[in-house]
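Working notes, beginning with the structure itself.
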Amino acid sequence: MTSLLSEGCDHVAFTMKVSEDQVVEDNASFQDEEDSFFQDIDLLQKHGINMADIKKLKTVGICTVKGIQMTTRKALCNIKGLSEAKVEKIKEAAGKMLNVGFQTAFEYSAKRKHVFHITTGSQEFDKLLGGGMESMAITEAFGVTAQLPGEDGYSGGKVIFIDTENTFRPDRLRDIAERFNVDHDAVLDNVLYARAYTSEHQMELLDFVAAKFHEEAGVFKLLIIDSIMALFRVDFSGRGELAERQQKLAQMLSRLQKISEEYNVAVFLTNQMTADPGAGMTFQADPKKPIGGHILAHASTTRLSLRKGRAEMRIAKIFDSPDMPENEATFAITAGGIADAKE
């Protein structure tokens, strides 16, 4: 495996240049926008949906009106106690509260103003990413991440880290906190950690994630899974189980994309690489490719290839992106996290 994060998690940098009291403050207008982004499903009561049915939705992690829009009728009908008639009524009520049809590109651009970027800790790396890791999107790397308050009133926030390979080390966060001269304990308190043991458990943890994002709406800004494919490779082995593996992977990635949009958070996935048997025929300089196939490739908004340079130097390359050109950036892994490379 060639994930930088897998080197004992020495390269994880969730740097939060905020104290416990600074997580969501300093900019009231920004918070007002965040509040308006979330519509609690309790509001459905105003449209004739009873509280008992709303609680049934919450038991499966659907806590916002947008969450209903993102869930199929078939999936809603599978919730115990919800009949087809009830589901239709719920869908109709949600439709009245949301724009479920077409909108102009100008109207959509206004909604995109909610998108924020989380800095990596390196200006060059941020520039490569168009400002940092983007919310309402999935960033995949065979790699590294960080969190800092940013521009446009973004005041920083909390992080959830799902660890599939037992590589998370809290002491690294202390070093990073020291670099930015912030309280160690506050930084650790702002990171929620969970260890996933199977691919099923990994999926189940996303229910907790959705509930937590709803409970503290606008406070959590980043979800990290390190790494997305490790447990799938263990639980599904051989070509005979490949189809089932990719189906389960697709379901997880779909859930992650919905969570990122529903709660306006950045999702960062680390991935592993494998030898590409066909690379020799095309004379590629680097005959390796990320695992996960087309399912993972299409689900990720931005894909980054990370490789090791001299000593602590690392090179990040845009592998695939909808709006950023193919380019590279050099950064350094230091005791205090990701930083700009020194000449």
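Glu92 and Lys89 are not joined by a salt bridge, as no carboxylate oxygen comes within less than 4.0 angstrom of a charged side-chain nitrogen. Taking a cutoff of 4.0 Å between a charged side-chain nitrogen and a carboxylate oxygen, Asp163 and Arg169 do not qualify as a salt bridge.
For the 3.5 Å distance criterion, the side chains of Glu261 and Gln257 qualify, holding a donor opposite an acceptor. For the residue pair Asp126 and Thr120, a side-chain donor N or O sits within less than 3.5 Å of a side-chain acceptor on the partner.
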Stepwise, does the salt bridge (Lys or Arg N to Asp or Glu O under 4.0 Å) test hold for Glu178 with Arg174? CA-CA 6 Å; Glu178 188 148 338; Arg174 295 183 185 276; over 6 Å; no
Evaluate side-chain contact (heavy atoms from CB on, under 4.5 Å) for Lys80 paired with Thr59, printing each intermediate quantity in order. CA-CA 10 Å; Lys80 189 175 180 180; Thr59 60; over 6 Å; no
Start with the C-alpha gap between Lys127 and Asp340, add the side-chain angles, then the distance that decides, and say whether salt bridge (Lys or Arg N to Asp or Glu O under 4.0 Å) holds. CA-CA 11 Å; Lys127 189 187 298 182; Asp340 284 318; over 6 Å; no
Would Thr330 and Met313 count as a side-chain contact (heavy atoms from CB on, under 4.5 Å) here? Give the steps. CA-CA 7 Å; Thr330 302; Met313 306 298 285; 3.4 Å; yes
Given side-chain contact (heavy atoms from CB on, under 4.5 Å), test Thr164 with Ser227 step by step and report yes or no. CA-CA 6 Å; Thr164 68; Ser227 67; 4.0 Å; yes
Would you please test Ile68 and Leu98 for side-chain contact (heavy atoms from CB on, under 4.5 Å) and show each step? CA-CA 10 Å; Ile68 294 169; Leu98 296 168; over 6 Å; no
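Two residues are said to be in side-chain contact when any heavy atoms from C-beta on lie closer than 4.5 Å; Ile160 and Phe213 meet this criterion. Between Ile176 and Val182, the closest side-chain pair of non-hydrogen atoms is not below 4.5 Å. Looking only at side-chain heavy atoms (C-beta outward), Leu306 and Phe331 come within less than 4.5 Å of each other. Looking only at side-chain heavy atoms (C-beta outward), Asp235 and Glu200 stay at 4.5 Å or farther from each other. No side-chain heavy atom of Lys74 sits less than 4.5 Å from a side-chain heavy atom of Val87. Considering only heavy atoms from C-beta on, Gln69 stays 4.5 Å or farther from Glu262 through its side chain. In this structure the side chain of Ile338 reaches within 4.5 angstrom of the side chain of Ile333, judged on heavy atoms. Side-chain contact between Thr71 and Leu57 is absent, with no heavy atoms from C-beta onward closer than 4.5 Å.
Note on Phe208 and Ile162: same hydrophobic cluster, where clusters join Ile, Leu, Val, Met, Phe, Trp and Tyr whose side-chain heavy atoms are under 4.5 Å apart, directly or indirectly. Hydrophobic clustering (side-chain heavy atoms under 4.5 Å, transitive across Ile, Leu, Val, Met, Phe, Trp, Tyr) keeps Ile315 apart from Met324. Criterion: ILVMFWY side-chain heavy atoms under 4.5 Å apart, direct or through other members. Under it, Val115 and Phe106 are not part of a common hydrophobic cluster. Linking Ile, Leu, Val, Met, Phe, Trp and Tyr whenever their side-chain heavy atoms come within less than 4.5 Å leaves Ile41 and Met70 in two separate clusters. Under the 4.5 Å side-chain heavy-atom criterion for ILVMFWY residues, no single connected hydrophobic cluster contains both Leu231 and Leu269.
Once rounded to the nearest 0.5 Å, the distance linking OG1 of Thr72 with CG of Asn78 reads 8.0 Å. Rounded to the nearest 0.5 angstrom, Glu328 CD and Leu304 CG are separated by 11.5 Å. Considering NZ of Lys212 and CG of Asp207, their distance stands at 15.0 Å, rounded to 0.5 Å. The CD atom of Glu244 sits 4.5 Å away from the CZ atom of Phe236 when rounded to the nearest 0.5 Å. For the atom pair CG (Leu44) and CG (Asn50), the distance works out to 10.5 Å, reported to the nearest 0.5 Å. The distance from the CD1 atom of Ile90 to the CZ atom of Arg73 is 11.0 Å, given to the nearest 0.5 Å.
Counting only distance, with no hydrogens or angles, the side chain of Arg303 and the backbone of Thr139 share no donor-acceptor pair below 3.5 Å. In terms of modelled atom types and a separation under 3.5 Å, the side chain of Glu88 and the main chain of Ala85 share no donor-acceptor contact. Lys86 contributes no side-chain N or O that, together with a main-chain N or O of Cys77, makes up a donor-acceptor pair within less than 3.5 Å. No donor-acceptor pair closer than 3.5 Å links the side chain of Lys46 to the backbone N or O of Ile49. Judged by distance alone, the side chain of Thr64 and the main-chain N or O of Gln39 form no donor-acceptor pair under 3.5 Å. Side-chain N or O atoms of Glu241 include one that pairs as donor or acceptor with a backbone N or O of Ser237 at under 3.5 Å.
Considering Lys158, Glu215, His214 as possible partners of Phe220, the one that fulfils the side-chain contact (heavy atoms from CB on, under 4.5 Å) test is Lys158. Under the side-chain contact (heavy atoms from CB on, under 4.5 Å) test applied with Ile228, the options Ile138, Leu256, Val267 reduce to a single match, Leu256.
Annotation for Ala210 and Tyr263: closest pair O-OH, 3.5 Å, computed over non-hydrogen atoms. When all heavy atoms are compared, the tightest approach of Ala339 to Arg179 is CB-NH2, 3.7 Å. Closest heavy-atom contact between Leu128 and Ala316: CD2-O, 3.6 Å. When all heavy atoms are compared, the tightest approach of His117 to Leu129 is CD2-O, 4.4 Å.
Applying the 6.0 Å contact sphere to NZ of Lys258 captures more than 12 heavy atoms from other residues, nucleotides or ligands. The 12-atom threshold is not exceeded at CD of Glu84, counting heavy atoms of other residues, nucleotides or ligands nearer than 6.0 Å.
Classified by interplanar angle (parallel below 30°, tilted 30° to 60°, perpendicular above 60°), the ring pair Phe168/Phe161 is tilted.
A cation-pi contact, defined as under 6.0 Å to the ring centre and within 45° of the axis, links Lys221 to Phe116.
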